[in-house]
Structures are given as structure tokens and as C-alpha cells.
Amino acid sequence: QVQLVDSGGGSVQTGGSLSLACKPSVDIDSPYCFGWFRQTPTKQREAVGFIYGRTSRTNFADSVRGRFAISQDRSNNTLYLRMSRLRPEDTAVYYCAAGYYSGADSCPTSANYYYSWGQGTQVTVAS
């Protein structure tokens, strides 16, 4: 099973930026979908964004598209979720996730597909 280490997060004002890191135990160029979900105490786990290791193709939830981006640092074998123009509704615990994928479509957005999870990191956006 893939091991994932989450890091980053913190507190920021509305409109600010933060980056989260996810370091998997497999090569980030492997045929895996890597991504982030987020969760609050009152909402179900929500898909944020994903990247397919083999092609670097990304897909994002409508709520974050255009504000969030995912990048790969091959020198450190680390993925980054770069969040900008943050809003109070982005406040949540963010979890890195990974799942093996051999398809040609965008990464799945259902949490049920992903069987490896990071420990989560808190992001708080103050209004």
C-alpha cells in the first residue's frame, strides 16, 4: 500500500495563498491518481483536485477550478496543491490520497476509489 505524508497548510486571510505538499512512497510518475480531498465537521469528504502521475493531467472540482493548481517536484518526489484566492469556505482538513489507475479518462473523484490516505492537514481561511 502506498504511504502518503501530508504537510503544509495553516491559516491565511481571505484572498491569500497556501501550498500543501504530499510525498508518496511510490514514484509520482507512476500510474496512480494522486489528489486531495477536504472535509469539515458538517460536510462529507469533498474532492478538490487530482493529477495522474503517468501523464500529469489534472482535474479539479468546480469550486476550486482556476484558483487551485497541482504541480510535481520530481527532484523531491513530491506533489503540491497550490491554493490561491482562498475563501472562508475553503476552510477544512485537507487529505492527500492515492489510487492505482490505468484508464485514459480524468482521475476519479469519488473517495471510494482511493485506498491510500495521508494524515490530513488543517487549512483555515479567515474572513
Atom OG1 in T124, atom CG in D90: separation rounded to 0.5 Å? 11.0 Å

Kindly compute the distance separating CZ (F50) from OG1 (T109), expressed to the nearest 0.5 Å. 6.0 Å

Check the pair R65 / D62 against salt bridge (charged side-chain N to carboxylate O under 4.0 Å, His left out), numbers first and verdict last. CA-CA 5 Å; R65 190 175 297 117; D62 290 344; 2.5 Å; yes

Provide the closest heavy-atom pair for F34 versus A98 in the form atom of the first, atom of the second, distance. CD2-CB, 3.7 Å

Could you tell me whether a side-chain N or O of R57 sits under 3.5 Å from a main-chain N or O of D105, the two making a donor and an acceptor? yes

With a 4.5 Å cut-off on side-chain heavy atoms, are E46 and S63 touching? yes

Given the rule that I, L, V, M, F, W and Y join up when any side-chain heavy atoms are under 4.5 Å apart, are L4 and Y113 in one cluster? no

Write down the atom of G66, the atom of R85, and the distance for their closest heavy-atom approach. O-NH2, 2.5 Å

Between Q72 and S56, a side-chain donor and acceptor under 3.5 Å: yes

Distance from I28 atom CD1 to L79 atom CG, nearest 0.5 Å? 5.0 Å

R74 and D29: CA distance, side-chain angles, deciding distance, salt bridge (charged side-chain N to carboxylate O under 4.0 Å, His left out) verdict: CA-CA 8 Å; R74 291 177 175 81; D29 291 328; 3.0 Å; yes

Quick one: sort the W117 and Y95 rings into parallel, tilted or perpendicular, breaks at 30° and 60°. perpendicular

Is the number of heavy atoms from other residues, nucleotides or ligands under 6.0 Å of Q44 CD greater than 12? no

Mind checking the CD1-SG spacing from I70 to C22? Nearest 0.5 Å is all I need. 9.5 Å

Can you tell me how far CD1 of I51 sits from OH of Y32, rounded to the nearest 0.5 angstrom? 16.0 Å

Tell me if a side-chain donor or acceptor on S84 pairs with a main-chain N or O of S17 at a distance below 3.5 Å. no

May I have the step-by-step check of ring pair (Phe, Tyr, Trp, His ring centres under 6.0 Å) for F37 and Y114, ending in yes or no? CA-CA 10 Å; F37 290 80; Y114 297 85; 5.5 Å; yes

Counting only N and O atoms by type, is there a donor-acceptor contact under 3.5 Å from the side chain of D73 to the main-chain atoms of S75? yes

Flag the pair C96 / L20 as yes when at least one side-chain heavy-atom distance between them is below 4.5 Å, and no otherwise. no

Will you find, in the side chains of R38 and Y94, an N or O donor that is under 3.5 Å from an N or O acceptor? yes

Under 3.5 Å donor-acceptor, D6 side chain and G120 backbone: yes

First locate atom CG of L81, then atom CZ of F60, and finally report the distance between them rounded to the nearest 0.5 Å. 7.0 Å

Within the 4.5 Å heavy-atom criterion, are P31 and S102 side-chain neighbours or not? no

Can you check whether G8's main-chain N or O pairs, donor with acceptor, with T121's side chain at less than 3.5 Å? yes

May I ask you to check if R82 and Y80 form a cation-pi contact, with NZ or CZ under 6.0 angstrom from the six-membered ring centre and within 45° of the axis? yes

Minimum-distance pair of heavy atoms, taken over all atoms of N77 and K23: O-CG, 3.6 Å

Sole residue of V12, T91, L18 in side chain to side chain contact (heavy atoms under 4.5 Å, CB included) with V123: L18

Is a side-chain N or O of Y115 found less than 3.5 angstrom from the main chain of A97, in a donor-acceptor match? no

Residues A61 and A47: closest non-hydrogen pair is CB-O, 3.4 Å

